[in-house]
Asker: 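Okay, here's the structure, questions in a sec.
Keep in mind that the numbers below use all heavy atoms, side chains included, and drop hydrogens, waters and symmetry copies.
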Amino acid sequence: MTANLPPQYDPKATEAKWQKYWEDNQTFKADPEQGGEPYCIIIPPPNVTGSLHMGHAFNNSLVDALIRYHRMIGDNTLCLPGTDHASIAVQTILEKQLKSEGKTRDDLGREKFLERAWNWKAESGGAIVNQLQRLGLSADWSRERFTMDEGLSKSVLAAFVRLYEEGMIYRGNYLVNWCPASQSAVSDLEVESKEVDGNLWHFRYPLSDGSGFVEVATTRPETMLGDTGVAVNPNDDRYKHLIGKTLTLPIMNREIPIFADELVDPTFGTGCVKVTPAHDPNDFEMGKRHNLPFINIMNKDGTLNENAGEFQGQDRFVARKNVIKRLDSDGFLVKIEDYKHTVPFSDRGKVPVEPLLSTQWFVKTRPMADKALEFLDKHNQPQFVPSRWTKVYRDWLVKIKDWCISRQLWWGHQIPAWYAVSETGGEITDHTPFVVATNEAAAREKALSQFGANVKLEQDPDVLDTWFSSGLWPFSTMGWPEETADLARYYPNTTLSTGFDIIFFWVARMTMMAGYFTDKMPFETVYIHGLMLDENGKKQSKSAGNGIDPLVLIDKYGTDALRYSLMRETAGAGQDVRMDYNRQSHESATVEASRNFTNKLWNAARFVMMNLEGQTPQQLGNPAAEVLELCDRWILSRYYQVVQQSRHDFESYALGEAAKGLYEFIWGDFCDWYIELVKSRLQQDAEANSKKAAQQTFAFVLEGILKLLHPFMPHITEEIWHTLTQTGEDECLALQAYPEADQSLINPELEQQFELLFGTIRTIRNLRADTDIKPGVKVTAILQSDSAKEREIISNGAIYIKDLARVENLTITASLDAEPPLNPPLGKGGAIAGVIGTVQVLIPLAGVVDLVALRGKLEKKLAKIEGEIKHTSARLTNQKFVEKADPQVVQVARDALAEAEKQAEILRDRLKLF
């Protein structure tokens, strides 16, 4: 019985079937003991709170294509999946739940809160993993990691303790970005600067000796309550005479100095800058340089504290209004200007951050960054693709500041520092002594020797920045600090695939940590892809509400169609991808086109299998060169060219180019041309050797196509391959060898010759369509070329021209004059002509077409188009329409007019023939 596919492709059933097969058979389980070059990708861990968004779908499609390709070329591959514990995101979800119950985390206490968090993770945290599996990610799920699992937590503790013991971690009182919404410090990278329409308020500060005022300007009036000085540029002649004098701060009546500092921009505002060292990064540095007092006026929830006097307890923005009102009533407000400026917002809390003086834990990044720079400058490690991102990465390492790693949250890795609170009245203060250890028992042992038997210990309540554990991801997932088989075999990782927006967040953290702890860069190559944009070319984000749900498109078109669309649209490494999408119908023309491609492949495979008489490619054997016909040699040449190009594209991370090349070969060369070229050789009465050569070539090229396409479309190719090869469940396409190019069968000259043949066939087909020659009617065609080489090519391919263009009599000539006169002659109404390159194509029409009826039809069509031209021209000459209509509507009308005029010109030219 002939094996074949069902009439229609069902992506949902096929995808579920093979995902289950791969998982049940642990197809992608890595073995460090196996041979082959190691090729490892550790996927960027999505937040455990997340669900699959288009960015995940895009990146993991690229990752999977790379992994599947390298698995097929014989590399020892590991694709290691996992999730990030996402401190702020999880805590936000849980605190919202508690709020709906009328509770806070303090009502529960830390232990119960964490118990609830782990329960939430168990119930809801697996959604993103299931969705990644649905995407077809060929990961080793037996090695799945979570940044707070036991092994990774040990790695985090080991890293922290070592950094602290080696003087790389310190605790200090510094200015940090504070998010009043989450009541936690956030790093510079967790801050999003937004341009806002604000104000610049000008105030007078009176000189203490009563001799006048200085005028200052600020965008944050409430911070004046914490001012401890006013700075001017030392070269600003306007204020040189005031340096050293003092001012009386309005409202607070505090005497503050006027001093000179190079940091002051004389052109900003009035050239006098109010200095609030506890609430501004630049002021903080000036405060340290000039020994100013640091007065914090802010509570951690964004309200003002006791240092704000009468404004204590007011929210910072309420206090802003009241401070302005008070300064106005006291006569110190000079003017208010409209002022567009950037304000830093907490990426998670979605509120403006507040520079706040706070005691936090920090990592000294300079030594780590210098080591990463040494790897980059001396060894070009890691290598960035595209290379332009190397400079961005390098510049950030040069400018890096110390990293604040403590967060005022409960969900996360609790900082392994224990305070001897018995030394400071039972409370943790800025001066409470502490010990650092990997666990409480070790901490107690250290503390007993320092503080005696009665010491009372309390662990630091803060947790580590999520990026601390993520920075260890490439090697902690391999078992570091233990010397494991995985670490020895798969580290450094081969490739990191990620978006450019995370170079600072994550890539640099990993290179710094890896350089410090392993003395190696964590990966050889960083493949930087672009961002997924919406249908309007805007970055997709939750806050903008313009995200496109990949699961909706998967349900509608299938996983393979979505994966292929995302990769095919990648025009060069690093380019952003714009996703066309109709939000009303939830349709995408791009993904629909890829779904059509899967259907085309499915139908072509069905046709091939129907004509193999139940034989597999292995049973048929490879086609022998001596029995190959011209079109067989052509398709094999094209096939091996595509094999060669696909390998090159994968090795150079040109996945979009590889996907496009395969599409053109499969749809164009194989489906549209080769299948048509060999149909006549597959008939019952076809010559036996010719038929077998066609079957062999058919089967061989189809199996090769499935292997080439597998990294992009794993499910449909697996299904077709199993049916084609009639292979049982002990083998799968995912583990087959990737095709290799046979150079001896690549024939560029033959491919060029076929381009001329196809151009000729297309020209004859177009001429037939233009003159309404019915498909079943065979015609006479005359092909004229001055080139003997072209005439030879056409003559060799004459059988294909006659077969595919429905030509009964084919004449190939060097000169039309040399032919016997045609009846009717090639004059008016005698023939229709076209040109392909330097070949003239003529089809005599007498006896084939009713010329009178054809002329009438063309005249009727021309009249209709001329009517459309008249109507559209009238609209476009109407000034009101052009000025008031939507510009897009006007452009559509202009395009329609241009197209109509072009069609009218073609019809007039055609009518001249009759």
Side-chain angles (χ1 to χ4, degrees), residues 175-178 188 191-208 211-252 254 256-295 297-298 316-317 319-321 323-324 327-328 331-345 352-357 399 401:
L175 206 63
V176 297
N177 297 310
W178 188 264
D188 289 343
V191 170
E192 182 184 358
S193 291
K194 296 181 182 179
E195 193 169 62
V196 299
D197 292 318
N199 296 105
L200 192 62
W201 287 272
H202 291 250
F203 305 129
R204 289 194 188 94
Y205 284 2
L207 288 157
S208 302
S211 61
F213 299 85
V214 297
E215 187 178 316
V216 297
T218 181
T219 58
R220 297 158 65 217
E222 69 282 4
T223 62
M224 61 83 57
L225 302 171
D227 284 0
T228 56
V230 167
V232 297
N233 190 287
N235 301 313
D236 192 334
D237 292 335
R238 294 174 296 173
Y239 303 116
K240 279 183 178 178
H241 66 289
L242 296 178
I243 295 169
K245 289 194 173 191
T246 63
L247 300 160
T248 301
L249 186 66
I251 304 176
M252 305 308 290
R254 185 164 58 240
I256 60 174
I258 300 172
F259 61 92
D261 195 290
E262 294 279 357
L263 190 64
V264 176
D265 178 2
T267 64
F268 176 77
T270 63
C272 293
V273 176
K274 59 185 282 305
V275 179
T276 321
H279 292 284
D280 182 272
N282 291 330
D283 294 2
F284 179 81
E285 296 300 328
M286 284 196 284
K288 286 197 296 184
R289 282 197 293 274
H290 300 280
N291 296 314
L292 300 179
F294 286 67
I295 300 174
I297 63 162
M298 196 81 63
R316 53 183 169 157
F317 298 117
R320 176 175 297 179
K321 293 176 182 176
V323 166
I324 295 164
L327 288 168
D328 188 22
F332 295 115
L333 179 63
V334 178
K335 62 179 177 178
I336 304 172
E337 293 179 316
D338 290 335
Y339 186 61
K340 191 184 283 287
H341 63 119
T342 54
V343 174
F345 279 72
V353 297
E354 198 63 49
L356 191 70
L357 206 56
K399 297 171 186 174
K401 296 177 183 176

Asker: Run the side chain to side chain contact (heavy atoms under 4.5 Å, CB included) test against Asp236 and tell me which residues pass, sequence neighbours left out.
Answerer: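 Per chain and number, Asp236 pairs via side chain to side chain contact (heavy atoms under 4.5 Å, CB included) with Asn233, Arg238, Tyr239, Pro266.
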Asker: Mind listing the closest non-hydrogen atom pair of Ile243 and Ala260 along with its distance?
Answerer: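 In this case the closest contact between Ile243 and Ala260 is CD1-CB, 3.7 Å.
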Asker: Within this structure, what is the NZ-CG distance for the pair Lys288 and Leu175, rounded to the nearest 0.5 Å?
Answerer: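 Result: 9.5 Å between the selected atoms.
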Asker: Dump the intermediate steps for side chain to side chain contact (heavy atoms under 4.5 Å, CB included) on Leu207 and Leu242, then the final yes or no.
Answerer: CA-CA 9 Å; Leu207 288 157; Leu242 296 178; 4.1 Å; yes
Asker: Could you pull out all residues at least two apart from Arg220 that satisfy salt bridge (charged side-chain N to carboxylate O under 4.0 Å, His left out)?
Answerer: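 Residues passing salt bridge (charged side-chain N to carboxylate O under 4.0 Å, His left out) with Arg220: Glu354.
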Asker: Does Thr276 have any side chain to side chain donor-acceptor pair (under 3.5 Å) partners at least two apart in sequence or in another chain, and if so, which?
Answerer: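 Testing Thr276 for side chain to side chain donor-acceptor pair (under 3.5 Å), a comparison that skips the adjacent residues, returns Asp227, Lys274.
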Asker: Not counting sequence neighbours, which residues clear salt bridge (charged side-chain N to carboxylate O under 4.0 Å, His left out) with Asp338? List them please.
Answerer: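 Listed in chain order: nothing, the list is empty.
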Asker: Applying side chain to side chain donor-acceptor pair (under 3.5 Å), can you list everything that pairs with Ser208, at least two apart in sequence or on another chain?
Answerer: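 Side chain to side chain donor-acceptor pair (under 3.5 Å) list for Ser208, sorted by chain: Thr246, Thr248.
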Asker: Only counting residues at least two apart or in another chain, list the ones meeting side chain to side chain contact (heavy atoms under 4.5 Å, CB included) with Thr267.
Answerer: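 Result, side chain to side chain contact (heavy atoms under 4.5 Å, CB included) vs Thr267: Asp265.
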Asker: Who are the side chain to side chain donor-acceptor pair (under 3.5 Å) partners of Ser193, not counting sequence neighbours?
Answerer: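 Here no residue qualifies.
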Asker: Using the side chain to side chain contact (heavy atoms under 4.5 Å, CB included) criterion, which residues pair with Leu263? Sequence neighbours excluded.
Answerer: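 Listed in chain order: Asp261, Asn282, Met286, Arg289.
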Asker: Tell me the ring-ring contact (aromatic ring centres under 6.0 Å, His included) pairs involving residues 271-293, sequence neighbours left out?
Answerer: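 Pairs touching residues 271-293 that pass the test: Phe259-His290, Phe284-Phe294.
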Asker: For Leu292, is there any backbone N or O sitting under 3.5 Å from a side-chain donor or acceptor partner on Thr228?
Answerer: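 No, the answer is negative, given that no donor and acceptor are paired below the 3.5 Å cut-off.
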Asker: What distance separates Tyr205 OH from Leu247 CG, expressed to the nearest 0.5 Å?
Answerer: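 Rounded to the nearest 0.5 Å, the OH-CG separation comes out at 9.0 Å.
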Asker: Please identify each residue that fulfils side chain to side chain donor-acceptor pair (under 3.5 Å) with Asn235, with sequence neighbours left out.
Answerer: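 Partners of Asn235 by the side chain to side chain donor-acceptor pair (under 3.5 Å) criterion come out as none, since no residue qualifies.
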Asker: Looking at residues at least two apart in the chain, or sitting in another chain, which of them share a ring pair (Phe, Tyr, Trp, His ring centres under 6.0 Å) with Phe268?
Answerer: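 For Phe268, no residue satisfies ring pair (Phe, Tyr, Trp, His ring centres under 6.0 Å) once neighbours in sequence are set aside.
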Asker: Which residues pass the side chain to side chain contact (heavy atoms under 4.5 Å, CB included) test with Pro352, sequence neighbours left out?
Answerer: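 Applying side chain to side chain contact (heavy atoms under 4.5 Å, CB included) to Pro352 gives Arg316, Phe317, Val343, Phe345.
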